[in-house]
Amino acid sequence: MKKSASKLSSWPTLDPENWSDLRAQAHVMLDDMLDHLEHVRARPVWQPIPDAVRKSVREPSPRNATALENVYRDFKGTILPYATGNTHPGFMGWVHGGGTPVGMLAEMLAAGLNANLGGRDHMPIEIERQIGEWAREWFGFPKGASGLFVTGTSMANLMAVLIARAEALSERVRGQGLVESNIQLCAYTSVAAHGCIARAMDFAGIGSDWLRLVPTDTLGRMDVAALDALVRDDRKAGRLPFLVVGTVGAVDTGAIDNLTVLARICGKEELWFHIDGAFGALAAWSEQLKPRLAGIEQADSIGFDFHKWGQVPYDAGFLLVRDGEKHHDTFAAPAAYLRRETRGLAAGSPWPTDFGPDLSRGFRALKTWFTLKTYGTYQLGRMIEQSCMLARHLEARVRAEPKLELLSPAQLNIVCFRYRCEDADRINAEIVADLHEQGRVAPSSTTIGGKLAIRACFVNHRTEPADVDALVHEVLEAGALRTLIAPVAPQLVAIGA
Ligand SMILES: Cc1ncc(COP(=O)(O)O)c(C=O)c1O
């Protein structure tokens, strides 16, 4: 056995016996992945997984070792070609960021460090704290605000509900639970809000039924008069309103609630004002779009994702809280084995684990730090503006096509529309699946005003106007084809069978 220079003995470890071989393989993997990103446009956005490929990974738990090059060969054959496709410029579904090669490299560095950001005194935590400071500045929060990386905005929203719950019932709720207080809490958000807020109410033990879904105006923004009335009704009925969740960038339409008015109502009614800014909050990086977020600086907390418009590779959600003490007091819990010191590795209190549910935490901050420093918020903001331009281009194309019906205009980076035909809900769902299988563009679907809609959401910095044109072209083609295929009458099927 050839001993590595850094090894003291022949004591077995998982490090390679031959670092030169590993290095050569590592360079192949890195080059391949850079090639993959450089030529992303040449491949389909997505392709169906052949049965044989799906089955090929169903194998017994590996007891014995396999050479890295063989495992990598499996990755190239079975995983790489059949991923979600959100790095591809034709990806326009859901709300997925495109990632960057810089983010990929930073992920490699973070994995090399293998830092645990739950706590202790080390530089990776300082990087996370610094990003919290930057976020505080982007959103005009005061000193004393706190921030934490989380998986995504679903988690950030859940944590905000927990902080607001402790604010309403005092921190005793952490020990006593909800029954002891004998108070029914109520929260408010718009009908257009993301479903993770109802789930957060469920997970927080308050119950999703106590999330009041406030109607929206014609632009999909929360109707503030209706909010006022619902709060009043709940108070009259002896319940305790405690939280309003405003949305910056509604998932179906990109609508932005009137944050200034929501802040005023929350101030008057003493309600926690949380903002779900999953993708929309980072519009603060654009000088052009920032004025539309007016009022965000008055929120008590904001949840948002760097992995969406921030183009940081998954996952990189963030929660920012105006009052860091309230944030801390909702999650911190002493434990002898997590004892803090004033010097040594156990210094640096408070630790990130004091601000959230996770003790083991990866170095999400590094890929975010690299992305922010390498590109700068100005350029990232321009990418955000570009996404909104693409949405306006699509809206214009849809308006100009008699066969297409516009269901939701470009308020930010999202447009919903559909192919005009009979049985339009079914046909448009088929069109979306057809497009996915063809692999040129991949929108998603939703329901707007009871109608099934093709939903195009522009987040990926690689998407160009030609991709939008391809979407229109493909929808028209698939629609024409689908409406030509006459349904087969059931009795004919029976005779044939
Ligand atoms: C408005 C909004 N809120 C919350 C979420 C959930 O975010 P995540 O998927 O990062 O948990 C999304 C996801 O698209 C969203 O668009």
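First listed ligand is number 1; within each ligand, the first listed atom is number 1.
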For this session: Any ring pair (Phe, Tyr, Trp, His ring centres under 6.0 Å) involving residues 277-299? Give me the pairs, sequence neighbours left out, ordered by first then second residue.
Result: W138-W285, F279-W309
Exercise. Just checking, R212 and Y188: is the charged tip under 6.0 Å from the six-membered ring centre and within 45° of the axis?
Worked result: no
Problem set entry | Cationic tip of R239 above W210 ring, under 6.0 Å, 45° of axis | no
Exercise. Heavy-atom distance under 4.5 Å between the side chains of P241 and E269, does that happen here?
Worked result: no
For this session: Just jot down the ring pair (Phe, Tyr, Trp, His ring centres under 6.0 Å) partners of H274, sequence neighbours excluded, or say none.
Result: none
Seminar exercise, completed: Sorted by chain and residue number, the residues having a heavy atom closer than 4.0 Å to an atom of ligand 1 are V95, G152, T153, S154, H194, C196, G249, V251, D276, A278, F279, D305, H307, K308
Seminar exercise, completed: By ring pair (Phe, Tyr, Trp, His ring centres under 6.0 Å), H473 pairs with (sequence neighbours left out) none
